[in-house]
Novice: 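Okay, handing you the structure first.
Each chain gets a letter, A, B and so on, in the order its sequence line appears, and its residues count up from 1. Heavy atoms only: backbone and side chains are in, while hydrogens, waters and symmetry mates are out.
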Amino acid sequence: MGIEKRYKVIDIVEASKKSNDILISGWVRNKRQSKNVAFLSVNDGSTIKNLQVVIDLSKVEIDLIEKINTGTSLSIIGKIVKSQGRDQSFELIAHKIYILGVADPESYPLQPKKHSFEFLRDISHLRSRTNTFGAIFRIRHAIIYAIHNFFNSKGFLNIHTPILTSSDAEGAGEMFKVTTLDIEKKIKNNYKDDFFGKEVNLTVSGQLNAELAALGLSEVYTFGPTFRAENSNTSRHLAEFWMIEPEMAFYDIKDNMDLAEEMLKYLVKYTLDNCKDDLSFLEKAEGDRDKQKPMLERQSLNLTERLKFVCNNTFERLKYSEAFEILKNSKPNKKNKFDFPVNEWGIDFQSEHERYLVEKHFKKPVIIVDYPKKIKAFYMRQNDDNKTVAAMDVLFPIVGEIIGGSQREERYDKLLSRMKEMNISEKQLWWYLETRKFGTVIHSGFGLGLERLVQFVTGMTNIRDVIPFPRSPGNCKF
RNA sequence: GCCUUCUUAGCUCAGUUGGUUAGAGCAGUAGACUGUUAAUCUAUUGGUCCUAGGUUCGAGUCCUAGAGAAGGCGCCA
């Protein structure tokens with residue numbers, strides 16, 4: 001061992017490499033044994049498919065074979081041949097087997113059977129060895145790659161915005177404090193003695209910094225971790241998640257919507273084209289789970305149908321006021337079926353309202369624009385009606401709000417007066433204001449939650465299952 | 001943070017109206033079997049019924065509190 005080139009499982013199951021003796025390494029998913037022959041299903045994470053390894057028991061030490069169980073890591077040198085079995089076209093006839101690490105079958109928690117996602121979440125350190133999580137993480141990678149691809153092809157620059165931030169004026173949620181002070185000693189909030197000499201938090205958004213860069217580089221995007229200390233206990237919130245935030249000079253709200261729609265379609269199409277095996281595995285798994293559910297809770301479209309649906313349909317665009325009228329006159333509202341009635345212009349839509357618009361009324365992705373200014377952030381551009389701002393939310397089935405964005409207020413006076421109205425410290429954000437003082441231009445941007453997109457593409461119902469090591473209230477394991 | 005539900009073998013789950021020694025499938029272990037594919041067949045090990053109190057002649061089952069989890073809601077991406 002050592003001289004042979006290591007092949008990946010995907011190289012063999014997709015197209016036979018016809019060298020004589022080749023080397024494969026991976027983890028055993030399953031062993032099947034009869035009197036004269038044993039079969040191993042070996043996976044190395046390169047594909048959802050397993051490599052079938054055939055062992056002639058008369059030619060290999062039996063002690064060695066007995067040490068091999070589900071979870072064992074090994075390297076095998078052997079020959080690729082056409083498979084006699086029905087589930088694969090090629091298989092590896094083992095000539096030499098090296099056990100790298102045994103896995104005690106009495107204590108190894110993964111079995112060749114279905115495990116609940118809750119159980120696998122408790123063993124996140126091992127769950128990437130399962131079919132489902134292998135598929136999810138390969139798809140997650142494909143999406144990340146496609147994001148950079150998309151922006152690069154459009155001339156966007158990737159900007160790293162800081163993770164440590166001293167601005168707490170963004171209003172995007174509760175923040176995690178960062179300090180080197182000894183909290184055991186109960187120092188009375190004297191941040192002058194702290195590492196940075198001031199109060200510092202983990203970022204809740206890279207937007208304000210990205211705006212600075214866009215107002216000089218034209219088109220930029222950030223793609224980094226985001227931290228929210230909200231006590232959110234839902235299947236679509238994390239305390240640490242990854243967000244993509246493009247920020248574009250010379251883009252108005254319509255350009256912004258066009259970009260958001262083009263991008264989502266590109267990313268979904270990319271996974272349809274490049275993750276076929278993983279998607280069809282997830283689709284089948286979802287179908288099996290659906291069969292256990294009552295008719296009403298089942299998906300009306302299967303996974304790839306839902307993805308194609310996004311790619312092939314123009315997103316419905318409408319103003320908040322139009323959405324408000326539709327909801328106000330909707331059957332569930334008139335019959336008092338909503339928990340939150342739609343009666344007064346200016347209310348914030350609840351997720352039941354968004355789901356009605358997306359899943360019942362339009363039956364496709366929806367972009368709502370021009371929200372009432374009093375329910376939106378200070379930096380959003382005020383419309384001429386003096387009531388609304390150029391904000392947009394892209395709503396998807398199941399996951400809800402997948403993108404939130406706006407045209408930014410580029411007029412110094414308007415921005416300043418809005419900050420005063422909303423009690424945002426102009427002293428703290430002097431640098432933000434200066435971009436409007438010197439060479440201001442119209443510009444726009446939005447935030448896309450990576451995990452929510454991965455959730456939609458994989459059909460996973462809990463966001464904690466689309467990030468390798470989820471952080472949520474009361475949970476920071478692994 | 002609020003509401004609802006759940007917690008029984010390593011995993012997935014049964015467990016009747018409160019009643020003797022708590023069950024199944026899978027995994028594990030032992031064996032059988034000429035190429036299997038969540039292999040099959042036979043036998044078999046394995047339990048603090050989440051924790052702490054309480055009611056009762058008797059609690060896996062009923063009550064109270066706590067812990068953890070899931071789903072829904074709010075906050076949002």
Novice: Does the ring of A:F39 lie flat against the base of B:G35, closer than 5.5 Å centre to centre with planes under 30°?
Specialist: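 Given the distance and angle limits, no, they do not stack.
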
Novice: What is the nucleic acid contact for A:S116, judged by heavy atoms within less than 4.0 Å: base, sugar-phosphate only, or nothing?
Specialist: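 The answer is sugar-phosphate, as A:S116 gets under 4.0 Å only of primed atoms, P, OP1 or OP2.
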
Novice: For A:N313 and A:F315, indicate whether the former's side chain and the latter's backbone hold a donor-acceptor pair under 3.5 Å.
Specialist: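 No; judged by distance alone, with no hydrogens or angles, the pair does not exist.
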
Novice: Using 4.0 Å as the upper bound for N to carboxylate O, is an ion pair formed by A:K319 and A:D370?
Specialist: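 Between A:K319 and A:D370 there is a salt bridge, with a charged N closer than 4.0 Å to a carboxylate O.
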
Novice: Within the 4.0 Å heavy-atom criterion, would you say A:F119 contacts the bases, only the backbone, or no part of the nucleic acid?
Specialist: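 Sugar-phosphate contact only.
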
Novice: What interatomic distance, in whole Å, is found between P of B:G15 and the corresponding atom of B:U56?
Specialist: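 Per the computed distance, 28 Å lies between those P atoms.
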
Novice: Taking N and O atoms by type only, does the side chain of A:H237 place a donor or acceptor under 3.5 Å from a partner on the base of B:C76?
Specialist: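 Per atom types, the contact qualifies.
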
Novice: So does A:Q84 reach the base of B:U36 with its side chain, donor to acceptor, closer than 3.5 Å?
Specialist: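 Not at all, since no donor on one side and acceptor on the other fall under 3.5 Å apart.
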
Novice: Between A:K376 and A:N36, which residue's closest nucleotide on RNA chain B lies nearer the 5′ terminus?
Specialist: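 With A:N36 and A:K376 compared, the 5'-side residue is A:N36.
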
Novice: So, are A:K376 and A:D393 salt-bridged, with charged N and O less than 4.0 Å apart?
Specialist: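 A salt bridge links A:K376 with A:D393.
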
Novice: Can you give one letter per nucleotide of nucleotides 66-73 of chain B, 5' to 3': B if a protein heavy atom sits under 4.0 Å from the base, S if only from the sugar-phosphate, - if neither?
Specialist: ----SSBB

Novice: Can a side chain N or O of A:K113 be found less than 4.0 Å away from OP1 or OP2 on B:C11?
Specialist: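 No, outside the criterion.
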
Novice: With the side chain counted from C-beta on, respond yes when A:N158 and A:Y221 share a heavy-atom pair under 4.5 Å apart, and no when they do not.
Specialist: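 Side-chain contact under 4.5 Å: yes.
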
Novice: Write down the distance separating the P atoms in B:A70 and B:C13, rounded off to the nearest Å.
Specialist: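 Here B:A70 and B:C13 have their P atoms 13 Å from each other.
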
Novice: Given the P atoms of B:A14 and B:U7, what is the spacing between them in whole Å?
Specialist: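 Straight-line distance between the two P atoms is 8 Å.
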
Novice: Please determine if A:R121 and A:E118 form a salt bridge, counting it only when a charged side-chain N lies under 4.0 Å from a carboxylate O.
Specialist: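 So A:R121 does not pair with A:E118 through a salt bridge.
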
Novice: Mind calculating the distance between CG (A:L238) and C1' (B:C76) to the nearest angstrom?
Specialist: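 Going from CG in A:L238 over to C1' in B:C76 covers 12 Å.
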
Novice: Should the pair A:R236-A:E401 be classified as a salt bridge under the 4.0 Å nitrogen-to-oxygen rule?
Specialist: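 A salt bridge is absent here (no side-chain N lies under 4.0 Å from a carboxylate O).
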
Novice: If you write RNA chain B from 5' to 3' in dot-bracket form, with Watson-Crick or G-U pairs under 3.5 Å, [ ] for crossing pairs and | for pairs with another strand, what do you get?
Specialist: (((((((..((((.....[...)))).(((((.......))))).....(((((..]....))))))))))))....

Novice: Mind checking if A:G447 touches a base, just sugar-phosphate, or nothing, with heavy atoms under 4.0 Å?
Specialist: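 Sugar-phosphate contact only - A:G447 comes under 4.0 Å of backbone atoms but never of a base.
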
Novice: Looking across every strand, which nucleic acid part, if any, lies under 4.0 Å from A:E91 by heavy atom: base, sugar-phosphate, or nothing?
Specialist: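 Result for A:E91 = base.
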
Novice: Atom CD1 of A:I48 to atom P of B:A38: distance rounded to whole Å?
Specialist: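 The answer, rounded to whole Å, is 14 Å.
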
Novice: Could you tell me whether A:D63 and A:K67 have a side-chain N and a carboxylate O separated by less than 4.0 Å?
Specialist: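 A salt bridge is absent here (no side-chain N lies under 4.0 Å from a carboxylate O).
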
Novice: Quickly work out the A:R32 CZ to B:U36 P distance and round it to whole Å.
Specialist: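 Computing the A:R32:CZ to B:U36:P distance gives 10 Å.
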
Novice: Can you say whether a donor on the side chain of A:E106 sits under 3.5 Å from an acceptor on the base of B:G28, or the other way round?
Specialist: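 No, no donor-acceptor pair under 3.5 Å.
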
Novice: For B:G25 versus B:C50, give the span between their P atoms, rounded off to a whole number of Å.
Specialist: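 Here B:G25 and B:C50 have their P atoms 22 Å from each other.
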
Novice: I'd like to know whether A:D252 forms a salt bridge (Lys or Arg N to Asp or Glu O under 4.0 Å) with A:R381, so could you lay out the CA-CA distance, the side-chain angles of the two residues, the decisive distance to 0.1 Å, and finally the verdict.
Specialist: CA-CA 10 Å; A:D252 66 12; A:R381 193 179 197 277; over 6 Å; no

Novice: Over how many whole Å does the gap from A:I93 atom CD1 to B:U36 atom P extend?
Specialist: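 Going from A:I93 (CD1) to B:U36 (P), I get 14 Å.
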
Novice: When rounded to the nearest 0.5 angstrom, what is the spacing between CZ in A:F349 and CD in A:E354?
Specialist: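 One finds 8.5 Å between CZ of A:F349 and CD of A:E354.
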
Novice: Just N and O in the side chain of A:S34: are any of them under 4.0 Å from OP1 or OP2 of B:U36?
Specialist: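 Negative; the distance criterion is not met.
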
Novice: Please report, rounded to the nearest Å, how far the C1' atom of B:U36 is from the NZ atom of A:K35.
Specialist: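 My rounded result for the distance is 17 Å.
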
Novice: In whole angstrom, give me the gap between the P atoms of B:U61 and B:C49.
Specialist: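 Each nucleotide's P atom is 10 Å from the other's.
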
Novice: Tell me whether A:E286 is salt-bridged to A:R306, with the criterion being a basic N under 4.0 Å from an acidic carboxylate O.
Specialist: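 Yes, A:E286 and A:R306 are salt-bridged.
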
Novice: With P as the reference atom in both, quote the distance from B:G54 to B:G10 in angstrom, rounded to an integer.
Specialist: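 Here B:G54 and B:G10 have their P atoms 28 Å from each other.
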
Novice: Which whole-number value in Å describes the distance from A:L450 CG to B:C76 C1'?
Specialist: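 It is 16 Å, rounded to the nearest whole Å.
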
Novice: For atom C1', what is the distance between B:A27 and B:G72, given to the nearest Å?
Specialist: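 34 Å, rounded to whole Å.
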
Novice: When the P atoms of B:G60 and B:U42 are compared, how many Å lie between them, rounded to an integer?
Specialist: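 That atom pair is separated by 33 Å.
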
Novice: Counting side-chain heavy atoms from CB outward, which of B:A27, B:A77, B:G35 is closest to A:M243?
Specialist: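 Comparing B:A27, B:A77, B:G35 against the side chain of A:M243, the answer is B:A77.
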
Novice: Quick one: A:I68 CD1 to B:U36 P, roughly how many Å, whole number?
Specialist: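 Interatomic distance, CD1 of A:I68 to P of B:U36: 20 Å.
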
Novice: Under the ring pair (Phe, Tyr, Trp, His ring centres under 6.0 Å) criterion, do A:H353 and A:F340 qualify, and how do the steps go?
Specialist: CA-CA 9 Å; A:H353 305 139; A:F340 297 85; 7.1 Å; no

Novice: Between B:U34, B:A77, B:A38, spot the one nearest the side chain of A:D87, thanks.
Specialist: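 The answer is B:A38, which lies nearest to the side chain.
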
Novice: May I ask you to check if A:K331 and A:Y356 form a cation-pi contact, with NZ or CZ under 6.0 angstrom from the six-membered ring centre and within 45° of the axis?
Specialist: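 Output no; distance or angle outside limits.
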
Novice: Check every atom of B:U29, B:U12, B:A77 against the side chain of A:P105 and return the nucleotide holding the closest atom.
Specialist: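 Of the options given, the side chain of A:P105 lies nearest B:U29.
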
Novice: Rounding to a whole Å, what distance do you find between A:N69:CG and B:G28:C1'?
Specialist: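 Between C1' of B:G28 and CG of A:N69: 9 Å.
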
